[in-house]
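Working notes for the structure below.
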Amino acid sequence: MDKYSPKEIELKWQNRWAQWESAKAVEDGAKPKKYILDMFPYPSGAGLHVGHVESYTATDIYARYCRLKGFNVLHPQGWDAFGLPAENYAIKTGIHPAETTKRAVETFKRQMNSLGLSYDWSREVNSSDPDYYKWTQWLFLQFYKNGLAYKRMAKTNWCPSCQTVLANEQVVNGACERCGTAVVQKDLEQWFFKITDFIEPSFANDSDGQGPKKMAGLLNGLDDVDWPDSTKAAQRNWIGRSEGATVKFPIVILNEPRTRSGGSEESIIGGFKKYYRSFANAQDDKMFLEVFTTRPDTLFGCTYMVVCPEHPLISNFKFQISNFKEVQKYIEQAAMKTDLERAELTKEKTGVKLEGVSAVNPVNGQEIPIFVADYVLSGYGTGAIMAVPAHDVRDHEFAKKYGLPITKVVEADNKNERDGEEKQIVGVGALIRSESGKFIFQLRDANTNRFPGMIAPFGGGILEAELPINALKRELSEELNITTEDGEVSLIGNFESHFDRGKFIRMYYVARFETNGLKMTEGAETVELSLAEALENKKVTNFTKEVIRIFFGDSEAYAGEGVSVNSGFLDGLATVQAKKRMIEWLEEKKIGRRAINYRIRDWLISRQRYWGAPIPIIYCVKCGIVPVPESDLPVVLPTDVDFKPTGESPLVHSAKFQDVKCPHCDEPARREADTMDTFVCSSWYYLRYADPDNDRAFADPKQLAKWLPVDLYVGGAEHTVLHLLYSRFFTKALQKYGYLDFNEPFLKLRHQGTILAPDGQKMSKSKGNVINPDEVVAEYGADALRLYEMFLGPLEDAKPWNTASIAGVSRFLEKSWKVVLSDNFGFKGDHLPNNDEAIYRLINRAIKKVGEDIESMKFNTAISEMMKILNDLKEVMISHSVTPAAEDTFKKYFLIILSPFAPHIAEELWFRLGESESIFKKSWPEYDEKYLRVESVNLVVQVNGKLRHNLVVASEIEEEDAKKLALESDSVKKWLAGKEIAKIIFVSGKLINIVTK
RNA sequence: GCCGCGGUGGUGAAAUUGGUAGACACGAGAGACUUAAAAUCUCUUGGAGGCGACUCCGCGUGGGUUCGAGUCCCACCCGCGGCACCA
């Protein structure tokens, strides 16, 4: 027998499989289909990384398994080839993106083939190929025709480094997703896709004459798909649905109605009423400030209003605002800030009061001031808010700073009080920062009521411990007005005064603390101890951070729910009812209505970059925006363009590209020079695989019906709110306009977890800890790499790479090689008793377990099962022999269940066993229940829940017999000595638990 | 802050969904083969105690439910991911 040498066999089989077209999706109408898809990669110059290998191996195993199970499997691969990296590389080196992309694709493909991935390459797509983007452009035109693609002036995210606008989804923490540069706001005219049209259910066009079909929206459609919870939650989060109400506040101009109605408070309200009547039915929206709120029940607590710096109210009342100059200055400053700067959480809120105009709270007639402040966002709701400082932390902060009234209208359930009742209050303490910078919680002495550490002469006992700094920081910054910087609490303030105002710190501890006896140090001296030191010195016993809890009484601002008070007709109502009641009232008075707001905005798809699909639009002086006629598609991306970014699309500088005739009037016109976001190209590629060479449609409806939707989709979690949301939008839009008859593209989705470097950090070129799959294949072979990555742990978990462990799976392959190629599995079989039964048991168990594990994508345990049966095989063969028929069956079935994981070795051994047709043409074996039944089991005997004895008994043993056997055993008798049996629990085939009194 | 996921040996991880915690591997230790090393094979390997049979303790922490809890409930701590001044 020769040695197992992956190098020799793997290439051989890869070539043969290619020749045999064994991965080609067959169109056998008798079989059910499975569409198994990987997220098509961006072909980067760096080549495939181990993360790619992980997800591609997972889908490959599943695809190979499904073929063996008799499905028509569609398992394609392609290239998300447009994008910034290739363009940026081109700017640096002068090499055209088409060239670098072509090279990268070749590398990727070679690497994929070297892993034995069974892709149907006859369906390969490339998003930068004109035959592909022709249809991207065609889809754009359909969207345009149906009003889903539109151009408008908008505040956009501009990346100064990439010199292009970005979609909201591509801005991460205020910075460009690609390069990390802080994004600035720019007013630009840009193309959008109306993704917001599909949030809620809508009706598809009546394509089959059966009437319009109701289709799920982006929100409720998530209920129907098998996706990770985290991904569904993230999408819901991103869409950000909020239910509440809009409310119109009348605006009072101080030198108009107010002067007319006199000066007293009484007359102001009277004046308001008159004023309000006259405007409530008028359609003059300028005289109202409309807000959106999720807490209409707190309207009685609204004591001021805030508009965003961009709000039209400011220019509308330009001449009534007496401090307009100051306001204007503030607005200009706000406009200069990046999103990131505006959102600085640590920074204080700023704002300017609009002098000369105010608003009237419609529920109580109170005149309230209006501020402009950049903590109110222009893009959400109406760009204006009603501020309820008693019940909103942001409003509270602002009100504190500007001395605005805070009116409490909801009584919260005081959870803290309840907790306090359950735990004993030991004392009251102070937080102080010592000279060395350590943070100390100091307990007030219960006898003297003094704080010994602070007022040394008074003496007394002290307790000290370090507390988790993060928890403290959180609580302190919110509750005690303490500034925090660099992870350290820097100021405590006057403790006594906090105490006086009821904002004292109370310390609670749980009962165990008391029983261990708290020892306080004597004397006035402040001793600094870390927790470890304290325990070491036995000054404090059993003191853990869980033992000590601090919280603060009487928080003024909270966002929680409770019971309405001081709220007129809402008094006594719980929040949920109060909201309802208030909305009814608002609707009745016609000053507000139920409203739903979403966080998500329309998708900005135009980019001022070169390497993307051109937007098929022509601008004509006479006809305006003219879509390119479908017959003129594709609008080909010119290759002779200087692609240095200038803030305009590089295509602007190509006269050949730009100068065209208007398709309507034939007058000279100009082409749109922006290209589409690459995410547009990737939003429909999974449809193209169904019919990749079609030049009359993006795909033939029959082919789409045959293969779509995708049954299993695997890819990185980083696409949660980008690609996966956009693709769902595309699918829904295409269903609405009759091109598809489903609206969720991916029925089952799984993410692969990140593979970390051996040091537990992320792999990155700069850290030099990147594992190159090519090197692993060269050393251990593709089968070993595939097995290793699957054996590491659950697919979706993040897990560190451990080169040493590859040896384990490598050994397993070598063992498999020997076992299959040796007679009698390599054991001496003469004269030993025959035990075919045991062999059949092993293999049937494995067929069942491995099949089930593949179906639930638990590849790690599937592999361990295969390792286990080889271990168990040895156990059997040491003392038994088998017949050649049993041996052959075991070997062949073993190879079939191994083949999805390690296809090369399985195919090689298959042929060496004398077979003449590929193992992948075979069927997944059916397991035989007969061999899974066990006649004897290990029955666990417990006494009071503790394992005391094991009984090997027949699996169908009767309860009475089992009890008898258990009670007879010596070890059980020992534990029952002198005790009375209360009851006996019997779980058939599993255990007996004897409970004593 | 909100939402989601997780916390089990020296390491990667299993655990039939409430029934023997640590399967399967890696690593480590001891031994066999070898002149030697590698490879391979055998045994040991959660912690503590005991010569031993065995005993006690162990799934982030503290409670609870149960004959029985890694699994269910309550409270909390820590880590990761998403969103974040979204009213």
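Chain letters run A, B, ... following the sequence lines, proteins first, then strands; residues in each count from 1. What you see is a predicted model, and the numbers here were worked out from it, not measured in a lab.
Relative ring orientation between Phe859(A) and Phe901(A) is described as perpendicular, the plane-to-plane angle rising above 60° on a 0-90° scale split at 30° and 60°.
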Watson-Crick or G-U pairs under 3.5 Å in RNA chain B, rendered as dot-bracket with [ ] for crossing pairs and | for another strand: (((((((..(((......[....)))((((((.......))))))((((....))))..(((((..]....))))))))))))....
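The side chain of Arg236(A) contributes no N or O atom lying less than 4.0 Å from OP1 or OP2 of G82(B). Residue Lys799(A) places none of its side-chain N or O atoms closer than 4.0 Å to OP1 or OP2 of A25(B). Between Tyr380(A) and the phosphate of A87(B), there is a side-chain N or O to OP1/OP2 separation shorter than 4.0 Å. For U20(B), the OP1/OP2 oxygens have no side-chain nitrogen or oxygen of Asn938(A) closer than 4.0 Å.
You'll find a donor-acceptor pair under 3.5 Å spanning the side chain of Lys349(A) and the base of C85(B), going by distance alone.
The distance between the ring centers of Tyr788(A) and Trp801(A) falls below 6.0 angstrom. Annotation: Phe398(A) is in aromatic contact with Tyr304(A) [ring centroid separation under 6.0 Å].
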Side-chain donor-acceptor pairs under 3.5 Å in residues 749-758 of chain A, sequence neighbours left out?
unit_1, atom_1, unit_2, atom_2, d
Arg750(A), NH1, Asp226(A), O, 3.3
Arg750(A), NH1, Asp226(A), OD1, 3.3
Arg750(A), NH2, Asp226(A), OD1, 3.2
Arg750(A), NH2, Asp226(A), OD2, 3.3
His751(A), ND1, Gly715(A), O, 3.0
His751(A), ND1, Gly716(A), O, 3.4
His751(A), NE2, Thr231(A), OG1, 2.6
Gln752(A), OE1, Gly716(A), N, 3.2

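Distance check on atom P: A39(B) versus G18(B) gives 45 Å, rounded to whole Å. Of the P atoms belonging to U61(B) and G70(B), the separation is 11 Å, rounded to the nearest Å. Here, U17(B) and G10(B) have their C1' atoms 30 Å apart, quoted to the whole Å.
Distances from the side chain of Leu991(A) to the nucleotides A23(B), G19(B), A15(B) place G19(B) closest.
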